[in-house]
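Reviewing the structure listed below.
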There are 2 protein chains.
Amino acid sequence: MASKDRILRLKEETRCNILDASLQIVKEEGWQALSMRKIADAIEYTAPIIYEYFSNKEAILLELTRKGYLILSRDLQEAKSKHRLPAKQLEAMWIAYWNFAFANKELYQGMFGVSTNCCEMVNKLPEADMPWDIFTEVIGELIGITDMESEIICKKYYTFWSVVHGLISINLLSRGFSDEMNRQVLRDAIGGIIRTIND
Amino acid sequence: MASKDRILRLKEETRCNILDASLQIVKEEGWQALSMRKIADAIEYTAPIIYEYFSNKEAILLELTRKGYLILSRDLQEAKSKHRLPAKQLEAMWIAYWNFAFANKELYQGMFGVSTNCCEMVNKLPEADMPWDIFTEVIGELIGITDMESEIICKKYYTFWSVVHGLISINLLSRGFSDEMNRQVLRDAIGGIIRTIND
DNA sequence: TAAATCATTTAACAGTGTTAAGCAAATGTA
DNA sequence: TACATTTGCTTAACACTGTTAAATGATTTA
């Protein structure tokens, strides 16, 4: 009777253990390898036990990404607090964002739906089937450089692509705004970067 | 004996049927719902038959994305051919790229690893757990606008985020360049956009 | 007509998420 | 202390997944 809160504490602990084990499996073997039975093995129980702590496998994933966003928020807040000028704050925040993504690759992938499956597939496709060359060609002409190995063209190309792919990804997932507005954002972004090309 | 090529033609046809059926299932029910038995149902065969045309389920996915890249390449080429100035060509190409992504949402997701699983999850998370507000705050201060509903801040914020998320996505998947170069690209992109903010 | 090849299916295996039934130990009650 | 009940956990099972091997039946070849 007096041990009621101790039991609750233990329950909370195994709940944490489930999440920790899950994250570790994901980090070591990828999202694809995460299975209920493997989690159960890690916490030295059998699979059905997990359903006393999470209603679903998806609920575990959801909680993992939720914790991911919390950590990211903390990192961003911390980065912001180290500067006073908004421009500096913003720069520090993006870098913190960047660091988080690469320090927690798998978690970031889970948070933003960058799947590992298809990544491996793309790497297996022949380079010739990819349309990247068309882009580098035109960007090369635009800035008057034909040497495809040039660092400048690489960077510009990279930046271009990131803007577009990022915009598309975000909109494919949660379609934040109207299509017209998205197009305008795209145009503005392209225009802005084209302007910086000749600097 | 004389019907050898006819048989080959039939074989080629069911191969196509497999791919078509797969793509249709993906379009209607998502990548997650694509199973060998469901494909078999669609082409009115049983599952093991598929293994006479594709060694794997992954081989089907690979072929689908390969065809996706081919279509994308064609669209880009076509967009490019309609202009002469590189700047105009580039703009048309990005818009073609954009259109392709949204006309073939599922295919694009498969090609670039934007998984549907996690997208649904993110939508289920409470808005409060997300760190977006921190960004909009700082960007608002930066451009001297505190009204969070402002269209300007939305667009700027959107653009910022796209650059970073796009860069990270691309690097997480296929880590194109060195970390130092990536950071420099990030800084340049941020610098460029900050400059365009006060226009 | 008999043999051999081909196309296709059925059966099976190991794995997945998930649920229901069972068991055994700890607890509450008389 | 003896019985009843709840609790913690496991085993068994279901429907599904990708994949492979064996069986079947039709078609072609000799």
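Proteins get letters first, then strands, A, B, ... in listed order; numbering begins at 1 in each.
- Contact annotation: Asn56(B) does not reach the phosphate of dG18(D) (side-chain N/O to OP1 or OP2, under 4.0 Å).
- Counting all heavy atoms, side chain and backbone alike, Ala42(B) lies closest to Ala21(B) at CB-CB, 3.8 Å.
- In Lys67(B), the NZ atom is not crowded: 12 or fewer heavy atoms of neighbouring residues, nucleotides or ligands sit closer than 6.0 Å.
- Here the P atom of nucleotide dT19(D) and the CD1 atom of Ile39(B) are 10 Å apart, to the nearest Å.
- Residue Ser35(B) places its side chain closer to dG18(D) than to any other of dT19(D), dT18(C), dG18(D).
- Between Ser22(A) and Leu64(A), the shortest heavy-atom contact is CB-CD1, 3.9 Å.
- Ion pairing between Arg15(A) and Glu63(A) holds under the 4.0 Å rule for side-chain N and carboxylate O.
- If you measure from atom OH of Tyr53(A) to atom P of dG8(D), you get 8 Å, rounded to the nearest angstrom.
- Under the side chain to side chain donor-acceptor pair (under 3.5 Å) criterion, Glu28(B) pairs with Gln24(B), not counting sequence neighbours.
- Atom-to-atom, CZ of Phe54(B) to P of dG18(D) comes out at 15 Å; the value is rounded to the nearest Å.
- Less than 4.0 Å separates DNA chain C from at least one heavy atom of each of the following residues of residues 43-52 of chain B: Tyr45(B), Thr46(B), Pro48(B), Ile49(B), Glu52(B).
- Residues Ile71(A) and Phe102(A) are members of one and the same hydrophobic cluster, defined by side-chain heavy-atom contacts under 4.5 angstrom among Ile, Leu, Val, Met, Phe, Trp and Tyr.
- In this structure, the NZ atom of Lys38(A) is 14 Å from the C1' atom of dA14(C), given to the nearest Å.
- No engagement by Ile60(A) is indicated, since no non-hydrogen atom pair under 4.0 Å with the nucleic acid exists.
- To the nearest angstrom, P of dC16(D) lies 16 Å from CG of Leu34(B).
- Separating the NZ atom in Lys27(A) from the CG atom in Asn104(A) is a distance of 5.5 Å, to the nearest 0.5 Å.
- With rounding to whole Å, Leu61(B) atom CG is found 15 Å from dT17(D) atom P.
- Atoms CD (Glu58(A)) and P (dT18(C)) sit 9 Å apart, rounded to a whole Å.
- In terms of heavy-atom proximity, Leu76(A) sits nearest to Met93(A) at CD2-O, 3.3 Å.
- In the interface, the side chain of Arg37(A) is paired with the base of dG17(C) through a donor and an acceptor atom under 3.5 Å apart.
- Of all the residues in residues 10-26 of chain A, not one reaches under 4.0 Å from DNA chain C with any non-hydrogen atom.
- Between Asp41(A) atom CG and dG15(C) atom C1' the separation is 13 Å, expressed in whole Å.
- Using bins of under 30°, 30° to 60° and over 60° for the plane-to-plane angle, the ring pair Tyr97(A)/Trp94(A) lands in the perpendicular bin.
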